[in-house]
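This report refers to the structure that appears directly beneath it.
As the structure lists them, so they are numbered: ligands from 1, and atoms in each ligand from 1.
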Amino acid sequence: MTIIVTGGAGFIGSNFVFHMLDKYPDYRIICLDCLTYAGNLSTLEPVMDNPNFRFVKESITDRDAVYKLFEEEKPDMVVNFAAESHVDRSIENPQVFLDTNIIGTSVLMDACRKYGIKRYHQVSTDEVYGDLPLDRPDLFFTEETPIHTSSPYSSSKAGADLLVLAYHRTYGLPVTISRCSNNYGPYHFPEKLIPLMIINALNDKPLPVYGEGVNVRDWLYVEDHCKAIDLVIHKGTVGEVYNIGGHNEMKNIDIVKLICKELGKPESLITYVTDRKGHDMRYAIDPTKIHNELGWLPETKFADGIKKTIRWYLDNESWWAPIVSGEYQNYYEKMYANR
Ligand code: NAD
Ligand code: TYD
């Protein structure tokens, strides 16, 4: 089995590469990643010498490069993690989100049509469903919930999902889609809530909470997401969408306070800043379908996962220190100064 994993130098993609090489020693895993600001080759160092692993630095939007790779490797499957993934950046500059998330997806699927494939899997997000109101805790996203996006990021992911389903119906491409809630764990890029708060707290810097901090996200440990995708690509039904989430809703402010407590830092570091434009209030996944059809259940409780994650950032400063000292500083200034 040869699998092209796109975006494998990012947060979830790298965790998936590790999971697959570990669980299937006879699989060949090819990581296709153009190394944007969010891609980090040092993350993949532990597997670079593995004979079953190959890294290819190209963009999923580069048709010639993608076709060449398909000719060389004749993949059985593609799992597409490659994306621009940060909502705040999409609000600043939507264009690159459309290029990578929509055009890139179409290029990959065109290659699948041209060369043949057993499965094309699209890694999507619960954000395609828009948000839920805070005063209706009885409501959850199911696979039937209408697409109703809020940000340029979620709109680009929704556009890609629609294209994937269209390639299935029109060309019979054997596709699956998974829509997961917010992930956390090792190798999470420091611009996102949990790693940003851990690293700022460690450096005694202000902890910028958007609005009143009451927005709710449904957090899942990254390994549980990887295991769910593993199940979907091997046992999922072609043409189907699977929601992935662990019923773990938390308010942002409670997460930030928990991080302060775990690190022994004062809550006085918390600073309320101007809210994100169009900020989604609540995400909450109903994972009944993947549980009933494929037997998936999350294994890591949030209380344990967050401790493991904080421990990982404490032990791996050599991974994040170079990131936060480089171009990230300019991003941080632009995003957070005078907010
Ligand atoms: P990330 O930003 O950490 O990593 C994205 C990776 O894609 C990087 O390695 C980057 O270099 C690569 N990439 C970007 N543009 C590319 C291009 N044109 N060609 C090749 N590679 C490119 O993202 P992540 O958090 O790991 O998310 C991975 C996928 O999972 C995304 O599709 C995202 O929409 C989805 N997702 C993420 C979450 C989450 O909580 N992080 C939740 C649900 C779904
Ligand atoms: P984020 O990690 O960007 O994920 P997403 O917006 O895709 O869910 O943000 C998670 C939540 O945390 C979201 O409600 C926005 C909020 N947030 C802050 O309050 N402060 C921050 O500095 C960041 C990055 C996010």
Would [X] count as being in polar contact with ligand 1, using the rule that some N or O on each side must be under 3.5 angstrom apart?
{"X": "A82", "result": "no"}
{"X": "C180", "result": "no"}
{"X": "S59", "result": "yes"}
{"X": "H225", "result": "no"}
{"X": "L32", "result": "no"}
{"X": "H188", "result": "no"}
{"X": "F11", "result": "yes"}

Nearest-neighbour protein heavy atom for [atom], which is reported as residue plus atom name and distance:
{"atom": "atom 2 (O) of ligand 2", "result": "L193 N, 2.9 Å"}
{"atom": "atom 7 (O) of ligand 2", "result": "E127 OE2, 2.6 Å"}
{"atom": "atom 20 (N) of ligand 2", "result": "P208 O, 2.8 Å"}
{"atom": "atom 19 (O) of ligand 2", "result": "Y210 N, 2.9 Å"}
{"atom": "atom 13 (C) of ligand 2", "result": "H279 NE2, 3.4 Å"}
{"atom": "atom 12 (O) of ligand 2", "result": "N252 ND2, 3.3 Å"}
{"atom": "atom 22 (O) of ligand 2", "result": "Y336 OH, 2.7 Å"}

Q: For V209, take its heavy atoms, then give the atoms of ligand 2 lying under 4.0 Å from any of them.
A: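 In order of numbering, the contacting atoms are 19 (O).
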
Q) Which ligand 2 atoms does H86 reach within 4.0 Å, using its non-hydrogen atoms? A)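 Atoms satisfying the 4.0 Å criterion: 3 (O).
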
To the closest 0.5 Å, what do you measure between [atom1] ([X]) and [atom2] ([Y])?
{"X": "S106", "Y": "L163", "atom1": "OG", "atom2": "CG", "value": "6.0 Å"}
{"X": "T288", "Y": "E143", "atom1": "OG1", "atom2": "CD", "value": "8.0 Å"}
{"X": "E317", "Y": "L202", "atom1": "CD", "atom2": "CG", "value": "7.5 Å"}
{"X": "N15", "Y": "K227", "atom1": "CG", "atom2": "NZ", "value": "11.5 Å"}

Ignoring hydrogens, just give me the one of [options] whose non-hydrogen atom is nearest [atom].
{"atom": "atom 13 (N) of ligand 1", "options": "N183, N15, T6, T36", "result": "T36"}
{"atom": "atom 3 (O) of ligand 2", "options": "R276, E191, R282", "result": "R276"}
{"atom": "atom 4 (O) of ligand 2", "options": "N182, V87, I253", "result": "N182"}

Before accepting this row, confirm whether a basic side-chain N of the pair [X]/[Y] lies closer than 4.0 Å to the acidic partner's carboxylate O.
{"X": "D126", "Y": "R179", "value": "no"}
{"X": "D304", "Y": "K307", "value": "no"}
{"X": "E127", "Y": "K157", "value": "no"}

Considering the heavy atoms of [X], write down every atom of ligand 1 situated less than 4.0 Å from one of them.
{"X": "N182", "value": "40 (O)"}
{"X": "F81", "value": "28 (C), 29 (C), 31 (C), 32 (O)"}
{"X": "S85", "value": "1 (P), 2 (O), 23 (O)"}
{"X": "S181", "value": "42 (C), 43 (C)"}
{"X": "A9", "value": "9 (O)"}
{"X": "A83", "value": "5 (C), 7 (O), 14 (C), 31 (C), 32 (O)"}
{"X": "L35", "value": "11 (O)"}
{"X": "Y153", "value": "33 (C), 34 (O)"}

(Q) A cation-pi test, strictly: NZ or CZ of R339 under 6.0 Å from the centre of the six-membered ring of Y272 and no more than 45 degrees from its axis. Yes or no? (A)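 No; the conditions do not both hold, so R339 does not lie above the ring face of Y272.
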
Q: Kindly confirm or rule out an N or O of R217 lying under 3.5 angstrom from an N or O of ligand 2.
A: yes

Q. Less than 4.5 Å apart, any side-chain heavy atom of P186 and any of Y221?
A. yes

Q) What part of Y283 sits under 4.0 Å from ligand 2 if we count only heavy atoms: the side chain, the backbone, both or neither? A) side chain

Q | Close approach, S124 and ligand 1, non-hydrogen under 4.0 angstrom | A | yes

Q) Measuring from the heavy atoms of E58, does anything fall under 4.0 Å of ligand 1? A)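 It does, in that a heavy atom of E58 comes within the 4.0 Å cut-off of ligand 1.
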
Q: Count the heavy atoms belonging to other residues, nucleotides or ligands that lie under 6.0 Å from CD of Q329, then report whether that count exceeds 12.
A: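 Atom CD in Q329 is packed in, count exceeds 12.
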
